[in-house]
Amino acid sequence: MSAPAQDRLAHVKLGTYYVVPLAESDDFEGWRDQARRLLMADVPPDRVAWTEPGGSAGDLFTHGDRRLPTPPVDAPQPRVSRRFMDIAKTVILHSDPERFSILYRTLWRLQTRPRLIEDAADGDIRKLADMARAVRRDIHKMRAFLRFRETKDEKGAEHYIAWFEPFHHILRHNAGFFVRRFANMRWSILTPRGTLHWDGEVLREGPPATRADAPTGDDAEELWRGYYASIFNPARLKIGAMMKEMPRKYWKNMPEAQMIPALVAGAQAREATMVKAGEIDMGERPETLAAIEKAIHACARCPIGELDNTAVMGEGPRGAPLMIVGEQPGDQEDQQGRPFVGPAGQLLDVHLQKAGIDRATAYVTNTVKHFKFTPKVTQRGKRRLHQSPTAKEIDICRWWVESERAIVRPKLVLALGASAARGMLGKTVSITKARGTAHPLDDGSELWVTAHPSYLLRLDGAAREEQQRLFDADLAAVAQRLSELTDA
Ligand code: URA
């Protein structure tokens with residue numbers, strides 16, 4: 001230890017152990033503030049015991065000091081990387097009582113080994129990574145497998161109640177997700193770790209509940225069962241993967257899970273019938289746009305749905321002659337629940353107008369239904385940075401955009417950018433090569449391909465002017481072709 005550090009340690013009472021109580025089990029800010037203070041006062045990790053409500057500091061710390069030392073005024077600020085903080089925010093939600101200590105020990109070690117976090121062979125780093133993974137999985141499972149059951153309150157109004165048993169302290173973390181996704185419903189989520197209650201305007205927290213507090217069945221279960229049976233695809237049946245995704249623990253809360261044994265048993269026969277009919281697919285296509293909208297909100301077929309986002313449905317008239325397909329909703333679209341309302345949408349509107357295309361007469365949608373992003377803290381605050389979907393994610397999600405197309409039945413589809421083009425064609429094409437010409441689709445309609453407006457937004461100067469010129473030319477050709485097709 002350095003000499004100044006030795007000096008600072010002088011005021012830490014020799015042999016003193018500190019007990020740090022946290023207000024809540026998921027109290028990241030509390031842990032961070034106390035950890036910073038302990039670090040600045042040079043209190044080594046083995047002198048600190050962290051406690052959470054309902055937990056204990058252990059015998060060793062029964063006589064620990066609850067008044068933390070005040071750091072010297074000249075104590076340097078701790079070094080903390082963004083990466084460590086991001087991991088810490090997730091790990092705090094883990095149910096292991098040791099998490100606070102491991103985090104503090106890592107923080108302590110990071111002061112002299114700033115690159116420690118990159119050392120995947122280090123025991124603490126490995127443990128933190130495992131814990132973060134387990135928490136993320138739990139967050140995802142809650143979003144994918146929680147099921148509301150309809151009840152009536154004392155005034156006869158609908159109130160939906162769900163029972164869920166999380167492994168970790170993820171309830172509060174997931175609150176925003178459920179509020180956004182079920183904003184118009186009145187609901188309660190009951191768990192053994194606490195409860196959430198949403199009345200359409202205000203979210204309240206309540207004490208832990210038991211399973212007996214939750215209803216066990218209602219009419220809505222038939223709908224869930226029907227939906228699940230329709231998306232159940234025998235051709236893709238992989239029992240191991242299915243059990244991993246939907247562990248038995250969740251089955252009792254999920255009406256559709258009770259059908260799994262029967263569906264598995266009938267799968268081979270059903271597959272044979274489907275093969276004969278040449279229609280192996282992800283199930284039957286939804287028949288209405290409303291059914292697609294409902295289904296995409298429940299869709300957890302790829303990890304993008306694991307993120308804190310909301311599915312965004314296409315909008316526009318059924319029977320629109322033109323369907324415009326983008327890549328995926330952005331930050332604004334995710335918040336407003338509508339496609340192309342952010343900066344790329346505004347630029348698109350300008351160019352559509354220039355080409356004489358009335359957006360209101362088109363059906364506007366995306367090939368991927370959820371916003372894929374990575375969280376980032378910048379000087380301007382927290383931001384969600386767009387991430388492109390992988391080819392696999394596009395291929396999984398194209399089921400929905402294809403279902404929309406089957407209902408809207410446009411004469412011409414305009415794909416904006418490479419992801420949208422892949423979504424429509426099922427293969428990757430180069431925009432440069434594919435633009436400016438019609439590509440026939442299976443139902444006799446035509447696909448036209450152009451650049452994505454976000455691409456234009458990222459350029460400037462002469463490069464932007466050139467790309468705008470090409471974009472305008474593509475839209476003008478689409479407008480021309482559309483008038484031919486609609487006049488015919
Ligand atoms: N980018 C897209 O591809 N779609 C939107 O809805 C918004 C931005």
Side-chain angles (χ1 to χ4, degrees), residues 289 292-293 296 299 302 304-305 307 309-317 320-353 355 357-373 384-391 393-405 407-408 410 412-426 428-429 431 434-435 439 441 445-459 467-468 470-472 474-475 478 482:
L289 294 173
I292 298 176
E293 178 158 20
I296 60 174
C299 185
C302 84
I304 307 183
L307 303 170
N309 54 20
T310 307
V312 176
M313 180 65 185
E315 64 178 23
L322 171 65
M323 177 161 156
I324 300 175
V325 184
E327 179 191 74
Q328 60 168 338
D331 186 57
Q332 295 282 322
E333 287 77 15
D334 180 60
Q335 288 178 43
Q336 296 184 39
R338 294 182 53 210
F340 281 107
V341 290
Q346 284 155 22
L347 186 66
L348 175 66
D349 288 349
V350 169
H351 287 273
L352 286 175
Q353 215 172 10
I357 299 172
D358 180 2
R359 171 170 168 165
T361 62
Y363 185 84
V364 181
T365 191
N366 281 298
T367 192
V368 168
K369 299 301 179 202
H370 284 93
F371 176 34
K372 181 173 176 185
F373 64 91
R384 303 191 295 173
L385 299 186
H386 164 274
Q387 279 201 305
S388 300
T390 62
E393 287 159 350
I394 295 171
D395 292 348
I396 292 172
C397 212
R398 67 190 291 262
W399 170 253
W400 301 121
V401 74
E402 282 294 305
S403 300
E404 285 175 288
R405 184 163 76 87
I407 293 167
V408 175
L412 193 153
V413 180
L414 173 62
L416 304 173
S419 297
R422 183 176 178 106
M424 300 318 299
L425 292 169
T428 298
V429 292
I431 299 298
R435 73 195 316 173
H439 304 263
L441 292 174
S445 64
E446 293 178 6
L447 175 74
W448 288 65
V449 172
T450 187
H452 194 287
S454 306
Y455 172 59
L456 306 186
L457 285 173
R458 288 197 298 273
L459 300 173
Q467 286 304 321
Q468 280 183 337
L470 292 172
F471 193 61
D472 284 337
D474 287 342
L475 293 192
V478 163
L482 203 54

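One-based numbering along the sequence shown.
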Side chains of [X] and [Y], heavy atoms from C-beta outward: is any pair under 4.5 Å?
X      : Y      : answer
Val325 : Glu404 : no
Leu475 : Leu414 : yes
Pro410 : Leu322 : no
Pro343 : Gln332 : yes
Phe471 : Leu416 : yes
Ser419 : Pro389 : yes
Val449 : Asp474 : no
Arg405 : Thr365 : no

What distance do [X] atom [atom1] and [Y] atom [atom2] have between them, rounded to the nearest 0.5 Å?
X      : Y      : atom1 : atom2 : answer
Arg458 : Gln467 : CZ    : CD    : 11.0 Å
Ile296 : Ser403 : CD1   : OG    : 10.5 Å
Leu289 : Ile407 : CG    : CD1   : 4.5 Å
Asp349 : Ile357 : CG    : CD1   : 11.5 Å
Thr367 : Arg422 : OG1   : CZ    : 10.0 Å
Ser454 : His386 : OG    : NE2   : 6.5 Å

Report, as yes or no, whether the 6.0 Å neighbourhood of atom CD on Gln387 holds more than 12 heavy atoms from other residues, nucleotides or ligands. yes
If every non-hydrogen atom of [X] is compared with every non-hydrogen atom of [Y], which pair is closest and at what distance?
X      : Y      : value
Ala421 : Val429 : CB-CG2, 3.7 Å
Val312 : Arg338 : CG1-C, 3.5 Å
Ala362 : Pro317 : O-CD, 3.5 Å

Hey, mind stepping through Met424 and Glu402 against side-chain contact (heavy atoms from CB on, under 4.5 Å) and telling me if it holds? CA-CA 7 Å; Met424 300 318 299; Glu402 282 294 305; 3.4 Å; yes
Only one of Asn366, Ile304, Asp334 passes side chain to side chain contact (heavy atoms under 4.5 Å, CB included) with Phe371, and that residue is Asp334
So, does [X] use its side chain to make a donor-acceptor pair with the main chain of [Y] at under 3.5 Å?
X      : Y      : value
Glu333 : Gly330 : yes
His439 : Trp448 : no
Glu446 : Leu441 : no

Please determine whether ring pair (Phe, Tyr, Trp, His ring centres under 6.0 Å) holds for the pair His452 and Phe340, giving the CA-CA distance in whole Å, both sets of side-chain angles, and the decisive distance to 0.1 Å. CA-CA 11 Å; His452 194 287; Phe340 281 107; 5.8 Å; yes
Do NZ/NE/NH1/NH2 and the carboxylate oxygens of Glu315 and Arg359 come within less than 4.0 Å? yes
Between Glu393 and Lys372, is the closest basic N to carboxylate O distance under 4.0 Å? yes
Please assess Leu412 against Met323 for the test side-chain contact (heavy atoms from CB on, under 4.5 Å), listing each intermediate value before the final yes or no. CA-CA 6 Å; Leu412 193 153; Met323 177 161 156; over 6 Å; no
side-chain hydrogen bond (donor to acceptor under 3.5 Å, both in side chains) between Asp472 and His351, intermediate numbers included: CA-CA 7 Å; Asp472 284 337; His351 287 273; 2.6 Å; yes
